[in-house]
Amino acid sequence: MNILVFGMTENPGGVESFIMNYYRRLDMSGFYFDFLCNSYDKIAYEDEILEKGSKTIHFAPRSKNPARFYKEINTFFKKHAKEYDAIWVNVSSLANISYLKLAKKYGIKRRIIHSHNSQNMDSRLRGKLHELNKRVITRYATDFWACSEEAAEWFYGKEIPKSRIEIIPNAIDVEKFKFSIKGRNEVRAELGWPDNLIIGNVGRLHFQKNQSFIIKAFAELHKVREDARLVLVGQGEDEDELRTLADSLGVKDQVFFAGLRDNITDWLSAFDVFFFPSLFEGLSIAALEAQANGLPMLVGEGCVSKDTKILDSYQTCDLNDDLSAWVDKLTEAVKIGRTPHEEVVSRFMAHNMEISGQIEKIENLFAGKKKAAIKRLSLKEIKETELNMLLAFDKFCRRNGLKYTLCGGTLLGAIRHKGFIPWDDDIDVGMPRYDYERLLRDKNLDYRDFPSYMKIGRWTDKTNNYPYMRVMDKRTRIKVPFYDPKTSVKNIWIDVFPFDGNPKDKNDLMPTIKRLVLLRKILAIKLAKLGEGTNAFKKYSKYVIRAILSPISIYRLCKYMDKISKKYPFDNADTISGVVWGLYGIGECIDRKGFVETTEVEFEGHKFMAMSNYDEYLTGLFKDYMQLPPEDKRVYHGFKAYLLSNDKEN
């Protein structure tokens, strides 16, 4: 497949790095790339591109000689368009869509436009051109890609449905940017700053990257840390202005303008903090490379795609705050220090930002394959996925002061097996109603420890069709026997149940339990897959029952079940239970105080919260719970699970 690429310039910036990251790893037995260059000058990585057998086609710069540009590019497309199966246009705005127009005019069938920014970084005129071309882009492009959700929203707006936009993460080769003590020492020796505190930034010297703010904040930092130094790696039109600013603030000798550098890993290794207060970004390659090096980062709050955060050492500060606040944050970042490489790799893999996991996706997209390449997960791999979700959920709850407890078979597994029950395949946690309601409705919770690949499904916003919450892994798909995939859970999940109060007399709870059991059966029919069942009656009766139940929506059912379960307030009750989905009736009723007082139990080598009266709880559910049940009573969900190695999360 022959592909024509536009997006490379003389500057080895973010877009150029993105293109090369993928270009270097694509299967060249199936793809051939040529590069359009809007300049007569040598582009970044041109020697490498030519060595790989690709061509670079240079034109007159459009900004300097538009007439010559249009003549040369029209001639090229007229003569060579038939040689290409696709054109891949990588840009930060739609101000110039000439390549797509000519590609369509001269018969290139696949015309891919790829957004790499989340805001206009050019002149007001080019911003206007972007808005005008946004309205007509569907006439010329056939495929719509973006580096992040934010970039897609700004670039395409409402003109392109989200279902048509492919998010291609700016994934990188993490090993390439691994911290190097040798590189650190060599760069620091070159600078003559072997033992200094070095704050660094990598990027085009341009107003978008906000290096003027960096210099101002650094000047304040230098007042309290005389050993502090600043390094700016990159070139751009703002360099003279920035040098003048450093001089005026009295830090000229403490700021080093490094220009363009090939050995970027060594420079990152030399830094102690990566300072990145960009005014806006799509999904920054530079920020990812810095984190791959393990560097703590300080970023402008709300100015960079949320998907950029990989490490816990990624800190933010509001650009409207006083410089003193930024100095405090920089000082705090220094104390955090580097993240160990093993954790860096794990985090990048979990966030789908390691490029080895993305190559197959983009190859399939180039080839026009819309289906995801998926991998069937073993029971062991399902459990590993769920354990990682539980670890993230535990960290999130502790940060936000949310109380939870392992419950059901998960708590039984922790006490009896110190981990999963060998034949089990799910995780259950419970929460007191008041903390459950915070998780259900509070929009001000701190989600910094909540991975981007996870989501919380809530019946309140119709992202989950059950009367309790589910934490789900968006990178996975599952198939549950007899359940309709359109309405049932789609991802590997953790169940999060509310625990509610019981009446003083446990027997008074029976009417509530019976009502909820009936509603649970109705909900199961609403979620069932028609035409399937263990016998003919169950298979065909679903059609009749579903028709009768059609006036009752799933949302209404969940809302009603939630309302019934809250009949007896948690705080006023002597005993409580997970009545909304309780499968054990009166046996689930336990002392409220023992439930609220948590302890920690071991589960797969980690410590998690558990109710202190777990013996009372497990006895009520399973009687002699330390004894293994007979093999015919060892129940598991039996769902099939798949890892989406190259599909959009959902």
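In this structure, Met609 CE and Cys407 SG are separated by 14.0 Å, a value rounded to the nearest 0.5 Å. Separating the CD1 atom in Ile576 from the CG atom in Asp571 is a distance of 11.5 Å, to the nearest 0.5 Å.
Checked by atom type and distance alone, the side chain of Thr308 never pairs as donor or acceptor with a backbone atom of Val304 at under 3.5 Å.
Screening residues 548-569 for salt bridge (charged side-chain N to carboxylate O under 4.0 Å, His left out) gives Arg433-Asp562, Glu437-Lys566, Asp562-Lys566 as the qualifying pairs, with residues at least two apart or on separate chains. Contacts classified as salt bridge (charged side-chain N to carboxylate O under 4.0 Å, His left out) and involving residues 595-606 (residues at least two apart or in different chains) are given here: Arg398-Glu600. Legend: salt bridge (charged side-chain N to carboxylate O under 4.0 Å, His left out) pairs involving residues 503-525, not counting sequence neighbours, sorted by first then second residue: Lys504-Asp574.
Ring planes of Phe603 and Phe608: perpendicular class, angle over 60° (limits at 30 and 60°). In this structure, Tyr447 and Phe450 have perpendicular ring planes: the angle between them is above 60°, well past the 30° mark. Relative ring orientation between Tyr156 and Phe144 is described as perpendicular, the plane-to-plane angle rising above 60° on a 0-90° scale split at 30° and 60°.
Applying the side-chain hydrogen bond (donor to acceptor under 3.5 Å, both in side chains) rule to His341 yields the partners Glu175; only residues at least two apart in sequence or on another chain are considered. Asn502 pairs by the side-chain hydrogen bond (donor to acceptor under 3.5 Å, both in side chains) definition with Thr575, Ser577, not counting sequence neighbours.
Nearest heavy atoms, Cys558 versus Trp459: CB-CB, 3.8 Å.
Between the side chains of Asp495 and Trp493, at least one donor-acceptor pair of N or O atoms lies under 3.5 Å.
Put simply, the residue from Met389, Met472, Arg475, Arg477 that forms a side chain to side chain contact (heavy atoms under 4.5 Å, CB included) with Ile492 is Met389. Each of Tyr436, Tyr468, Tyr404 was scored for a ring-ring contact (aromatic ring centres under 6.0 Å, His included) with Phe497, with one residue passing: Tyr468.
Leu445 places a side-chain heavy atom less than 4.5 Å from the side chain of Phe396. Put simply, the side chain of Ile554 reaches to within 4.5 Å of the side chain of Leu523, judged on heavy atoms. Contact of the Thr463 side chain with the Lys455 side chain is not registered, since no non-hydrogen atoms from C-beta on lie closer than 4.5 Å.
The number of heavy-atom neighbours closer than 6.0 Å to CZ of Phe348, taken from other residues, nucleotides and ligands shown, is above 12. Glu616 CD: more than 12 foreign heavy atoms inside a 6.0 Å radius.
Judged by the 6.0 Å distance and 45° axis criteria, Lys474 is not positioned over the aromatic ring of Tyr453. Arg470 forms a cation-pi arrangement with Tyr466, by the criterion of a distance under 6.0 Å to the ring centre and an angle within 45° of the ring axis.
The pair Lys306-Glu150 meets the salt-bridge criterion, since a charged nitrogen lies less than 4.0 angstrom from a carboxylate oxygen. A salt bridge links Asp312 to Lys395: at least one charged side-chain nitrogen sits closer than 4.0 Å to a carboxylate oxygen.
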Side-chain donor-acceptor contacts of residues 410-420 below 3.5 Å, not counting sequence neighbours, with atom names and distances?
unit_1 : atom_1 : unit_2 : atom_2 : d
Thr410 : OG1    : Asp428 : N      : 2.7
Arg416 : NH1    : Tyr625 : O      : 2.8
Arg416 : NH1    : Gln627 : O      : 3.2

